[in-house]
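Worth knowing before you read on, the calculation uses all heavy atoms, side chains too, and leaves out hydrogens, waters and symmetry mates. In the text below, chain A, chain B and the rest are named by the order of the sequence lines, each starting its count at 1.
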Amino acid sequence: MMCLNPIDRLRGCIASAAGLPINAVVASLEVAKEGFGDYTLVLPKAGISKAQAEEAAKTITRCSLVSRAQLSGIYLNIYLNREEFAYTTLENVVGYPDYGICREEKPKRIVVEYVSANPIHPLHIGAARNAALGSFIAKILKSFGNEVQTRFYINDVGRQTAVVALGFKLLGKVELPDNMKPDHFIGLVYAVTSTLADIQSIKKRLATATGEESKRLQEELDQLLADAARLSKIAPDIFTAISEKARDIDFEEEISKIMKSYEAGEPETVKLVRSIVEKCIEGFKETLRRFGAEIEVWDWESDLVWSGEVAKVIEMLKKVATVHKGALAVDFKAIDSPELRARLGIPKNLEVPPLVIMRSDGTTLYTVRDIAYTLKKFREFNADRVINVIAAEQTLAQAQLRLALYMLGFTREAENLLHYSYEMVSMEGVKMSSRRGRIVTLDEVLDEAKRRVLVELEKRGSQSQEVAEKMGVAAVRFYLLSVTPSRPVKFSWSLVLDFEKNSAPYLLYTYARTEGIFRKAREVGIELSWSKLLEIMDRRFAEHERRWRLVKLVAQFPETMLASYRSLDPSTLAVYLLKLADEFNSWYDEEPVITEPKESIRAAKLLLVYAVNRVISTGLQILGIEPLPQI
RNA sequence: GGGCCCGUAGCUCAGCCAGGACAGAGCGCCGGCCUGCGGAGCCGGUGGUCCGGGGUUCAAAUCCCCGCGGGCCCGCCA
């Protein structure tokens, strides 16, 4: 990994000065606790004996970045040479415009598939977490020098598109109103049709049910009727039109007919389904562009079926299939082993049931189609790696996918397919359901965020729509990225729209403040040539405590980026940026920069502001947030 | 019934994977700072059986085992 990294330099310097193996230093060097120096070597971790440590405490000062070291129990507390270290750090920042970003020595070709939401309703807040994570992954991988391609899998084969197609058939037209985004309108048609279909089906079952079963169905029906009542209020026209026709048709029969004829490629159905889905995709693209999560390649699941690629996979699967519960299925028991699981990244106790190959009516199944899709992703981009950003609820299906690939002999693909799993976004108490139209859409969250930012802007005498839009989007993105992916996110308006300390607006404001200092400096005739400032600055400036703390945090940036890159976890970076902003604001409040009388100190202060400016800017961009020079 | 993930201050979260010194932030609450380069700020205070119980270790929020609570999955749905 190639990059300018002050901490890396420090580790090398310490290792050679103290005569310690570099691995030992890497494993045991930590940021010191408050009051115990700057860095600490934890001796047992490094495998260093007491005698060695005593010797090291003396020789370590040969490293010019270190001023002294003190042995304290199992710790060797290291006090840095502030002049040297501060200069090195600022030199790195000035010398490399992308300070903090490293270059992968062996860049890879990587496909990142994300969002891939069902194309029959607007993107909701859960999909937003996916979009934020997926676009973050693509950005950080790309910035480190990898070739990245982003893809969206349009799930147009299957029951749900048939449901919405039937809805439009019943409506009698496929025209969409101009006053609503297409995906929002389609979402309503879908929710109405789906709810009415389920009501019909439950009523049928209720007619013959008895006892407990009957009671359970009745409860389910009550819930459905409540949803229907709500939908009839939200979308009265759609609701009336569809429910009037509902009496005369059998939903299940109609839906199944559409499904079959779509898979078969029957032209009229293809035209109907495609025209609806295309409109919905238009809505997705608009939202994703707004959210800073655009996707390059859009793949139709149906194309895989019609081109025969899925059939080919099924032929291959048949050769390794056995009969399971009366259906042709692939049983993974034969190849399953702890070693294989480790190679494919499958949890060791996960029970993996056999994978059914196709329905008895001959239509295909999702996971099987996904095998064909995975092969396509590897093939078309000549990818070394494919990352699927998919919610944790699909862990099992994704494990089956990798095992199936392996069983078919696609070893390389199976080993290099990564299920990037994240937990869902839940609403306080309410269960989100797109089938019932019970969702918080990303569009409305962004609208509300923008509105709230505008209120704050107006308090400060601005009413820039553009700034409000960008800040609103930033706030939502940041909120979704600042929680570790493996942890569930509880959605709440008050948290998303909290613009105080732990937020994107706070970071953006801090960044704008650094820009403000530069503007002011130019106004009073200070030349902002960073390399020149580096020459004239007083290297002892970091004797001052707050300046020093800031230097150390800036020095930590490449390490933080690297950790975020390796784990693909944006929260590491988000938390770091907040800490840096806090530290900067504390210092800013304490010391003036422009009016500093001593030129050499002023130069150092300006460089410190510049360093913070670069770090926040780079960090935000990786998180998919555009820094604003002026708010 | 089995599996995956989560459980840290009143609330929202970091720290856990690679065990180390008194467990950290923000919000909230209480009290200060407002003629200064941008106050979405700054300074101080308040607040914790790290879900519980065992075990491993010189050392456990972190690793292992047994429980408890919550979310999700176990379909010829996607």
Side-chain angles (χ1 to χ4, degrees), chain A residues 26-28 30 32-36 40 42-45 72-75 77 116 118 155 157-161 301 324-329 347-353 356-367 369-370 391-397 399 421-424 426 431 453 456-457 459-460 471 479 482-490 492 494-495 498-510 512-521 523-524 567 571-572 574-576 578-579 581-582 585-596 605-606 609 630-631:
Chain A
V26 169
S28 67
E30 297 176 358
K33 283 211 157 232
E34 199 79 52
F36 293 95
T40 294
V42 184
L43 304 175
K45 260 188 174 176
S72 165
I74 58 163
Y75 304 100
N77 295 325
S116 298
N118 286 331
N155 303 125
V157 180
R159 196 187 138 85
Q160 76 284 44
T161 41
E301 190 177 15
H324 172 79
K325 287 186 186 168
L328 211 51
K348 61 174 181 290
N349 293 319
L350 187 70
E351 241 180 81
V352 186
V356 175
I357 290 174
M358 65 170 162
R359 292 194 191 92
S360 40
D361 70 0
T363 55
T364 57
L365 285 156
Y366 178 80
T367 306
R369 296 194 293 265
D370 210 7
E393 59 183 352
Q394 294 209 43
T395 302
L396 179 57
S421 161
Y422 65 94
E423 283 292 336
M424 311 228 280
S426 61
K431 193 159 165 61
V453 172
E456 292 296 315
L457 283 177
K459 282 188 202 163
R460 296 165 176 77
M471 262 194 145
Y479 172 70
S482 58
V483 179
T484 304
S486 65
R487 185 193 280 263
V489 168
K490 286 174 212 148
S492 95
S494 62
L495 284 169
D498 177 9
F499 299 152
E500 294 191 44
K501 256 188 155 184
N502 279 348
S503 70
Y506 173 66
L507 287 175
L508 287 170
Y509 205 86
T510 303
R513 179 173 284 160
T514 64
E515 287 287 331
I517 292 173
F518 298 152
R519 261 197 308 278
K520 189 81 183 181
E523 272 174 33
V524 300
S567 61
S571 68
T572 318
V575 168
Y576 165 84
L578 289 171
K579 198 170 168 198
D582 282 346
N585 285 318
S586 291
W587 172 63
Y588 167 86
D589 202 67
E590 189 176 304
E591 286 205 297
V593 176
I594 310 288
T595 56
E596 165 62 48
K605 285 180 174 178
L606 281 166
V609 177
Q630 209 158 355
I631 289 166

- Heavy atoms, side chains only, cut-off 4.5 Å: are A:Leu396 and A:Pro353 in contact? yes

- Item | Selected nucleotide, minimal atom distance to A:Arg519 side chain, candidates B:G38, B:A25, B:G41 | B:G38

- Message: Do A:Val489 and A:Tyr479 make a side-chain contact, defined as non-hydrogen atoms from C-beta onward lying under 4.5 Å apart?
- Response: yes

- Among B:C37, B:A78, B:A40, find the nucleotide with the atom closest to the side chain of A:Lys520. B:C37

- Query: Are side-chain heavy atoms of A:Val609 and A:Trp587 found at a separation under 4.5 Å?
  - Reply: yes

- Item | Side chain of A:Arg513 - closest among B:C37, B:G38, B:A78 | B:G38

- Within the stacking criterion (centroid distance below 5.5 Å, interplanar angle below 30°), does A:Tyr366 stack on B:C77? no

- Item | Between B:C74 (C1') and A:His324 (NE2): distance, integer Å | 11 Å

- Item | Rounded interatomic separation in angstrom, taking NZ from A:Lys579 and P from B:C13 | 21 Å

- Message: Classify A:Asp370 by what it touches in the nucleic acid, base, sugar-phosphate, or nothing, heavy-atom distance under 4.0 Å.
- Response: nothing

- Re B:C77: Watson-Crick or G-U wobble partner, both distances kept under 3.5 Å, found to be none

- Among the nucleotides B:C6, B:C74, B:A40, whichever has the atom closest to the side chain of A:Glu456 is B:A40

- Close side-chain approach of A:Tyr366 and A:Asn155, heavy atoms under 4.5 Å: yes

- Within less than 4.0 Å of OP1 or OP2 of B:A78, is there a side-chain N or O belonging to A:Arg359? yes

- Query: What does B:G69 pair with, Watson-Crick or G-U, if both distances are under 3.5 Å?
  - Reply: B:C6

- Rounded to the Å, how far apart are A:Tyr588 OH and B:G36 P? 10 Å

- Complement of B:G41, any strand, by Watson-Crick or G-U distances under 3.5 angstrom: B:C33

- Message: How many whole angstroms separate atom CG of A:Leu396 from atom P of B:C73?
- Response: 11 Å

- Task: Ignoring backbone atoms, test whether A:Ser486 places a side-chain nitrogen or oxygen under 4.0 Å from the OP1 or OP2 oxygen of B:C6.
- Result: yes

- Message: Once you apply a heavy-atom cut-off of 4.0 Å, does A:Ala32 come out as touching a base, just sugar-phosphate, or nothing?
- Response: nothing

- Looking only at heavy atoms, what is the nearest atom pair of A:Ala391 and A:Met424, with distance? CB-SD, 4.3 Å

- Message: Side chains of A:Ile631 and A:Leu457, heavy atoms from C-beta outward: is any pair under 4.5 Å?
- Response: yes

- Any idea which of B:C27, B:G41, B:C77 is nearest the A:Asp498 side chain? B:C27

- Query: Atom OH of A:Tyr422 and atom P of B:C72: how far apart are they, to the nearest Å?
  - Reply: 15 Å

- Query: Can you tell me the Watson-Crick or wobble partner of B:U56, both distances under 3.5 angstrom?
  - Reply: none

- Between the base of B:C76 and the side chain of A:Ser360, is there a donor-acceptor distance below 3.5 Å? yes

- Query: What pair of heavy atoms forms the shortest contact from A:Ser28 to A:Lys45, and how long is it?
  - Reply: CB-CB, 3.8 Å

- Item | Integer-rounded Å distance: B:G38 P and A:Glu591 CD | 16 Å

- Item | N or O in side chain of A:Arg487 less than 4.0 angstrom from B:A14 OP1/OP2 | yes

- Residues two or more places apart in sequence or in another chain: which of them pass side-chain contact (heavy atoms from CB on, under 4.5 Å) with A:Lys33? A:Phe36

- Query: For the residue pair A:Phe499 and A:Glu456, what are the closest heavy atoms and their distance?
  - Reply: CD1-CG, 4.2 Å

- Item | Inter-residue atom distance A:Ser503.OG - A:Leu578.CG, 0.5 Å rounding | 7.5 Å

- Message: Over all strands shown, is A:Glu590 touching base, sugar-phosphate only, or nothing at heavy-atom distances under 4.0 angstrom?
- Response: nothing

- For A:Ala392, which contact category applies under a 4.0 Å heavy-atom criterion: base, sugar-phosphate, or nothing? nothing

- Item | Nearest-Å distance for atom pair CG/C1', residues A:Leu578 and B:G41 | 15 Å

- Counting any heavy atom closer than 4.0 Å, what does A:Ile631 reach on the DNA or RNA strands: base, sugar-phosphate only, or nothing? base

- Shortest side-chain distance from A:Leu365, nucleotide among B:C72, B:A40, B:C76: B:C76

- Query: When you measure from the side chain of A:Val575, which nucleotide among B:G2, B:C76, B:A14 comes out closest?
  - Reply: B:A14

- Message: Applying a 4.0 Å non-hydrogen cut-off, can you work out what A:Glu596 is touching in the nucleic acid: base, sugar-phosphate, or nothing?
- Response: nothing

- Note on the structure: Partner of B:G26 under the Watson-Crick or G-U wobble criteria, both distances under 3.5 Å, comes out as B:C11

- Item | Nearest-Å distance once atom P is located in both B:G54 and B:U62 | 13 Å

- Side-chain contact check for A:Tyr509: nearest option of B:A21, B:G39, B:C13 is B:G39

- Query: Which part of the nucleic acid, if any, lies within contact of A:Ile74, taking any heavy atom under 4.0 Å across all strands shown: a base, the sugar-phosphate backbone alone, or nothing?
  - Reply: base

- Query: When the nearest nucleotide of RNA chain B is assigned to A:Val42 and to A:Tyr506 on a heavy-atom basis, which residue is associated with the more 5' position?
  - Reply: A:Val42

- Message: Could you check whether the side chain of A:Ser503 and the base of B:A40 have a donor-acceptor pair of N or O atoms closer than 3.5 Å, going by distance alone?
- Response: no

- Tell me what A:Leu457 touches on the nucleic acid: a base, only sugar-phosphate, or nothing, going by heavy atoms under 4.0 Å. base

- Base-pairing assignment for B:A61 (Watson-Crick or G-U wobble, both under 3.5 Å): none

- Comparing nearest nucleotides in RNA chain B, the 5'-proximal residue of the pair A:Phe36, A:Pro347 is A:Pro347

- Task: Please check the phosphate of B:A78 (OP1 and OP2 only) for any side-chain N or O of A:Arg159 closer than 4.0 Å.
- Result: no

- Note on the structure: Atom CD of A:Glu423 and atom C1' of B:G70 are separated, to the nearest Å, by 11 Å

- Can you check whether A:Lys33 has a side-chain N or O nearer than 4.0 Å to OP1 or OP2 of B:G24? yes

- Under the 3.5 Å rule, do the base of B:A21 and the side chain of A:Asn77 count as making a donor-acceptor pair? yes

- Message: Any base atoms under 4.0 Å from A:Val157, or only sugar-phosphate, or nothing? Heavy atoms, all strands.
- Response: sugar-phosphate

- Among the nucleotides B:A78, B:G3, B:C13, whichever has the atom closest to the side chain of A:Gln160 is B:A78

- Query: Which nucleotide in the list B:C13, B:A25, B:C77 gets nearest to the side chain of A:Asn502?
  - Reply: B:A25

- Report yes if at least one side-chain N or O of A:Thr484 is closer than 4.0 Å to OP1 or OP2 of B:C13; otherwise report no. no

- Task: Answer yes or no: is there a side-chain heavy-atom contact under 4.5 Å between A:Asn585 and A:Arg513?
- Result: yes

- Message: For a 4.5 angstrom cut-off between non-hydrogen side-chain atoms, does A:Ile357 reach A:Leu365?
- Response: no

- Task: For A:Ile594, report the nucleic acid contact type (base, sugar-phosphate, nothing); a contact means any heavy atom under 4.0 Å.
- Result: base

- Using a 4.0 Å heavy-atom cut-off across all strands, classify A:Thr40 as base, sugar-phosphate, or nothing. base

Extract from the structure each pairing of a protein N or O with an N or O of nucleotides 43-45 of chain B at less than 3.5 Å, listing the distance.
unit_1 : atom_1 : unit_2   : atom_2 : d
B:C43  : OP1    : A:Arg546 : NH2    : 3.4
B:C43  : OP1    : A:Ser586 : OG     : 2.7

- Looking across every strand, which nucleic acid part, if any, lies under 4.0 Å from A:Val593 by heavy atom: base, sugar-phosphate, or nothing? base

